[in-house]
Amino acid sequence: MLLAQLSDVAMRVEKQLGQILDSVASAGEVVRPPLLMEAMRYTVLGGGKRIRPFLVIETARMLGLETDGPLRAGAALELIHCYSLVHDDLPAMDNDDMRRGKPTVHKAYDDAMAVLVGDALLTLAFDVVSDRRTSPRPTAQAALVRILARGAGIGGMVGGQMLDLAAEGRYPGKVASADDEEAVALIQSMKTGALIIAGCQIGAVLGRATSRQQRALALYSAALGLAFQIKDDLLDVESDAATIGKAAGKDAAAGKATFVSLRGAAGARQRLAEATASGKAAIGTFGERSTMLAALLDFNETRRS
């Protein structure tokens with residue numbers, strides 16, 4: 001049932017992303033460079049699990065809201081996720097040649113285009129969430145802007161990426177250590193977890209969650225973010241490029257801070273199981289309404305890409 005729902009959401013998000021890019025390309029008389037729009041489409045369309053939009057849509061649905069607003073907000077969050085991948089793949093960062101089974105943007109175009117595509121996707125996300133079609137409530141629009149800014153910014157994803165690079169020894173006087181489990185958990189909670197947490201926060205705002213419900217969703221999404229990153233770390237050492245759609249074995253080669261490097265594969269799997277159980281416990285208060293969110297934790301534990 002979850003796989004069918006994930007597939008349905010992925011198709012709806014794909015269509016929504018296409019519509020957003022279409023509307024941007026034809027909006028008014030302001031020039032939108034065709035090559036930039038082409039590269040943005042190359043980046044955003046035709047791939048990805050769309051987990052973050054799923055969290056927005058499913059959280060809102062669980063709270064009783066089933067409109068186009070969560071779909072648009074989920075698409076905006078996916079724009080930020082795609083931007084982060086484009087920049088993360090650059091030679092100055094992780095230097096990856098493949099993403100989602102095809103050449104990364106800087107390989108398909110060049111480094112400058114990859115920088116511009118990322119910048120364009122990031123700013124477009126704020127355009128989308130501040131639109132009345134996402135939510136007619138000004139207070140909700142403002143809340144969504146703030147959630148995206150904090151999830152993507154220095155205290156979230158970008159800050160986590162900085163700590164990740166520092167843990168590799170890129171900068172004098174490291175600000176994090178690949179040998180410190182607490183530091184690894186912090187890096188992963190920011191680099192990967194922040195946008196996953198943002199997905200549930202956005203759904204909670206749109207669905208008018210109570211304070212108690214918000215706390216439960218915060219615990220769930222933090223556990224899911226940790227579980228998702230640990231699974232990615234395991235796939236990096238246990239899978240191959242053809243299966244995961246990008247280079248495998250790069251984390252160890254780069255000396256990245258991961259639970260696998262600290263605990264080994266068996267220890268990382270145990271920590272993954274603990275995070276999965278913690279996430280399920282957090283949303284138990286929602287009863288049967290949380291079936292899909294709980295199933296997502298199980299799906300993550302067994303996914304192959």
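The residues of the chain are indexed from 1 along the displayed sequence.
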Do [X] and [Y] belong to the same hydrophobic cluster, where Ile, Leu, Val, Met, Phe, Trp and Tyr are linked whenever their side-chain heavy atoms lie under 4.5 Å apart, directly or via other members?
| X | Y | result |
| --- | --- | --- |
| Met162 | Met93 | yes |
| Tyr83 | Leu36 | yes |
| Leu65 | Leu77 | yes |
| Val13 | Leu45 | yes |
| Met37 | Leu121 | yes |

[options] screened by side-chain contact (heavy atoms from CB on, under 4.5 Å) with [X], the one that passes:
| X | options | value |
| --- | --- | --- |
| Tyr220 | Ile197, Ile196, Leu293 | Leu293 |
| Thr134 | Ile202, Val128, Leu71 | Val128 |
| Val260 | Val237, Asp236, Asp232, Leu235 | Val237 |

Please report the shortest heavy-atom distance between [X] and [Y], naming the atom on each side.
| X | Y | value |
| --- | --- | --- |
| Arg72 | Asp131 | NH2-CB, 3.5 Å |
| Leu148 | Ala125 | CD1-O, 4.1 Å |
| Ser135 | Leu206 | CB-CD2, 3.9 Å |
| Val129 | Ala73 | CG1-CA, 4.4 Å |
| Ala114 | Val86 | O-CG1, 3.2 Å |
| Ala268 | Ile230 | O-CG2, 3.4 Å |

Whether over 12 other heavy atoms sit under 6.0 Å from [X] [atom1]:
| X | atom1 | value |
| --- | --- | --- |
| Lys107 | NZ | no |
| Arg303 | CZ | yes |
| Ile154 | CD1 | no |
| Asp68 | CG | no |

Does some side-chain heavy atom of [Y] sit less than 4.5 Å from a side-chain heavy atom of [X]?
| X | Y | result |
| --- | --- | --- |
| Ile20 | Asp127 | no |
| His81 | Met157 | no |
| Ile80 | Leu122 | yes |
| Leu217 | Phe286 | yes |
| Val158 | Gln161 | yes |
| Val205 | Arg146 | no |
| Val24 | Met40 | no |

> Would Arg137 and Arg208 satisfy side chain to side chain contact (heavy atoms under 4.5 Å, CB included), going step by step from the backbone distance to the final call?
Replying inline: CA-CA 11 Å; Arg137 295 182 289 132; Arg208 300 176 185 256; 2.8 Å; yes
Without swapping roles, check the side chain of [X] against the backbone of [Y] for a donor-acceptor pair under 3.5 Å.
| X | Y | result |
| --- | --- | --- |
| Arg50 | Glu78 | no |
| Lys102 | Tyr42 | yes |
| Ser7 | Leu3 | no |
| Gln188 | Leu226 | no |
| Gln229 | Ser189 | no |
| Ser278 | Glu274 | no |
| Asp89 | Arg99 | no |

Hey, what do you get for [atom1] ([X]) to [atom2] ([Y]), rounding to the nearest 0.5 Å?
| X | Y | atom1 | atom2 | value |
| --- | --- | --- | --- | --- |
| Asp233 | Glu238 | CG | CD | 10.5 Å |
| Leu6 | Met1 | CG | CE | 11.5 Å |
| Leu144 | Phe126 | CG | CZ | 10.5 Å |
| Ile283 | Gln213 | CD1 | CD | 12.5 Å |
| Lys49 | Ser305 | NZ | OG | 5.0 Å |
| Asp94 | Leu165 | CG | CG | 7.0 Å |

>> Walk me through whether Asp298 and Lys280 qualify under salt bridge (Lys or Arg N to Asp or Glu O under 4.0 Å).
In response: CA-CA 9 Å; Asp298 291 328; Lys280 287 181 179 180; 2.6 Å; yes
Give the table of side-chain donor-acceptor pairs shorter than 3.5 Å for residues 57-64, with sequence neighbours excluded, one pair per line with atom names and distance.
| from | atom 1 | to | atom 2 | distance (Å) |
| --- | --- | --- | --- | --- |
| Glu58 | OE1 | Arg61 | NE | 3.1 |
| Glu58 | OE2 | Arg61 | NE | 2.9 |
| Glu58 | OE2 | Arg61 | NH2 | 2.5 |
| Thr59 | OG1 | Leu55 | O | 2.7 |
| Arg61 | NH2 | Arg289 | O | 3.4 |

> Are Lys231 and Phe299 in a cation-pi contact, defined as NZ or CZ under 6.0 Å from the six-membered ring centre and within 45° of the axis?
Replying inline: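 No - Lys231 does not lie over the ring of Phe299 by the 6.0 Å and 45° rule.
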>> Let's go through Met113 and Leu35 carefully: what are the C-alpha distance in whole Å and the side-chain angles of both, what is the deciding distance for side chain to side chain contact (heavy atoms under 4.5 Å, CB included) to 0.1 Å, and is it a yes or a no?
In response: CA-CA 9 Å; Met113 182 64 79; Leu35 186 58; 3.5 Å; yes
>> For Leu272 and Phe259: C-alpha separation, side-chain torsions, deciding distance, then whether side chain to side chain contact (heavy atoms under 4.5 Å, CB included) applies.
In response: CA-CA 9 Å; Leu272 171 58; Phe259 275 100; over 6 Å; no
>> Using the rule given for side chain to side chain contact (heavy atoms under 4.5 Å, CB included), can you reason through Met292 versus Leu2, listing the C-alpha separation, both sets of side-chain angles and the distance that settles it, and then say yes or no?
In response: CA-CA 6 Å; Met292 287 296 175; Leu2 173 69; 3.9 Å; yes
